[in-house]
Protein chains: 2
Amino acid sequence: MLSYTEENYLKALLQLTVEKGNKEGAGTNELAVHLNLKPATANDMLKKLKEKKLVEYEKYGKSSLTREGRRLATDVVRKHRLWETFLFEKLAFAWDEVHEVAEQLEHIQSKKLVDKLDEFLGFPGFDPHGDVIPNARGELQMRSTKTLHEEVVNHRCTMVAVKDNAASFLQYVNQVGLRINDTIHVLSRQPYDDLMEIEVNGKKSSISSRFAENIVVSCKDCDIAKPKIKSLNAIK
Amino acid sequence: MLSYTEENYLKALLQLTVEKGNKEGAGTNELAVHLNLKPATANDMLKKLKEKKLVEYEKYGKSSLTREGRRLATDVVRKHRLWETFLFEKLAFAWDEVHEVAEQLEHIQSKKLVDKLDEFLGFPGFDPHGDVIPNARGELQMRSTKTLHEEVVNHRCTMVAVKDNAASFLQYVNQVGLRINDTIHVLSRQPYDDLMEIEVNGKKSSISSRFAENIVVSCKDCDIAKPKIKSLNAIK
DNA sequence: AAATAATGTTAGGCAAATCTAACAAATATT
DNA sequence: AATATTTGTTAGATTTGCCTAACATTATTT
Ligand SMILES: [Mn+2]
Ligand SMILES: [Mn+2]
Ligand SMILES: [Mn+2]
Ligand SMILES: [Mn+2]
């Protein structure tokens, strides 16, 4: 059985590696900053989790999760996102309020509770921020990581998720009138500072590059331009 | 802010005093047994909670909650019972499974969550075991503490709650076919060992005194016999 | 009243998770 | 290459919540 604290370290490592596509692993300081702790503390825990065979750690190297560590971390993420969905869908929390409470709820230990909750919510695929909810087998599907910042002028794309879950950013997104699944029309982009003008539901807004980098989108217009079939291992 | 552990001590004291009508307070050993800890540990915590003005404690004396301690403890009980109701009503948990999970959920800190949950459940008055759910102001109403064991032969009474929340007892109650709000007809009682014969929903069962002592009932037949109005402070 | 049993307290210790301060290694800058 | 900066490690200390073992007090029997 993992402690509340150990679960948080595993989750942090998952976010710092797999989710960010950072294949080499996370550094001790990086981990400490992410968890709001001192590097010395993170260092102790990395050694402890290595002992438990949940983390691969070598002195002065980058750390990453073992298969077992990743499984456990994914389960914490699954619980986090199911609870966020519950709070949002059933208890009418705003999307900028769910994360904080889910940080606590994700540590409740009861297989049955998670499965029943999943069922009660109708086996949702995504949480209120558009993030994929891992399935009961602990598998986490990856999704488009393309951001609005990379979108082409004149294309119409769909907002699928937000990258930053901080309440301040989410409230700002609300203010702009953007919601998951909305269609965004990119009207223009200033070459100097990448300031974009967009239109959503008939409303025009100017958004900074920092803002645009935190909106994950998918775009049919782009997909048509690219070849549809990525024939990996086609030969052989 | 209270720790998980401190909350458990306050809740234990509430259960050992107010709920059991034990006005003088609870002893250190008693508290330790209730929490599955050693007396030395409970002793440390009593001193700590006295410092925080949540508990009244004197060396070699009985301990009890201060007004503030009682308020906080009642809030934990409120959360526990709301979560039990959620698990039972919304997630289809059996009544013998809810307690264990609620022991964890009761420590989640979010005023908004509790209020929203209460609303979502339709402001329930009782949990799946028939226990009163304290209101949002932290007030806990008292209810009948009369047990089936004290019931009169030939009377018909209503099962309002169970005293023992252990899964083994609750499953036994299921087996007898008893549920909250069922009408119990007391058919007979053996003077030697108080073994009772009862009838519920057309089904007859023999129950031990130990069993009967853990079924809380209310009885119209008895209430009619007694005077209805208890004129406290009638004079003056 | 004395002996016994039950209950409660203290001292000292341990493990988990955190910190600070000093030091070491790796990386970046000049 | 030398220096400076960033990153990582170690040692030692602290807090919380728990324990055991010894001792003290209170309650119950005889
Ligand atoms: Mn979140
Ligand atoms: Mn989320
Ligand atoms: Mn319970
Ligand atoms: Mn209950």
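Residue numbers begin at 1 in each chain, while the letters A, B, ... track the order of the sequences.
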Between CG of A:L37 and P of D:dT15 the distance, given in whole Å, is 18 Å
A:F86 ring center near B:F86 ring center (under 6.0 Å):
yes
What I want to find out is whether B:D131 reaches B:R143 closely enough, with some N-O distance under 4.0 Å, to be called a salt bridge.
no
How would you label the contact of A:Y9 with the nucleic acid (heavy atoms, under 4.0 Å): base, sugar-phosphate, or nothing?
sugar-phosphate
A:T85 side chain vs A:R81 backbone, donor-acceptor pair below 3.5 Å
yes
Phosphate OP1/OP2 of C:dA16: any A:T5 side-chain N/O under 4.0 Å
no
Establish, from distance only, whether the side-chain atoms of B:H80 and B:D127 form a donor-acceptor pair under 3.5 Å.
no
Under a 4.0 Å heavy-atom criterion, the protein footprint on nucleotides 4-11 of chain C, written with B, S and -, is ---BBBB-
Atom-pair distance (NZ on A:K38; C1' on D:dG12), nearest Å
17 Å
Which whole-number value in Å describes the distance from A:L35 CG to C:dA17 C1'?
12 Å
Parallel, tilted or perpendicular: ring planes of B:W83 versus A:W83, cut at 30 and 60 degrees
perpendicular
Taking atom types as modelled, find out whether A:W95 and A:N165 have a side-chain donor-acceptor pair closer than 3.5 angstrom.
no
What is the distance, to the nearest angstrom, from the CE atom on B:M45 to the P atom on D:dC19?
11 Å
Rounded to whole angstrom units, what separation is found between the CG atom of A:N36 and the P atom of C:dT18?
11 Å
Separation of D:dT15 C1' from B:M1 CE (nearest whole Å):
19 Å
Respond yes when some side-chain nitrogen or oxygen of A:T41 is under 4.0 Å from OP1 or OP2 of C:dA17, and no when none is.
no
In whole angstrom, give the distance that lies between atom CD of A:E51 and atom C1' of C:dA17.
17 Å
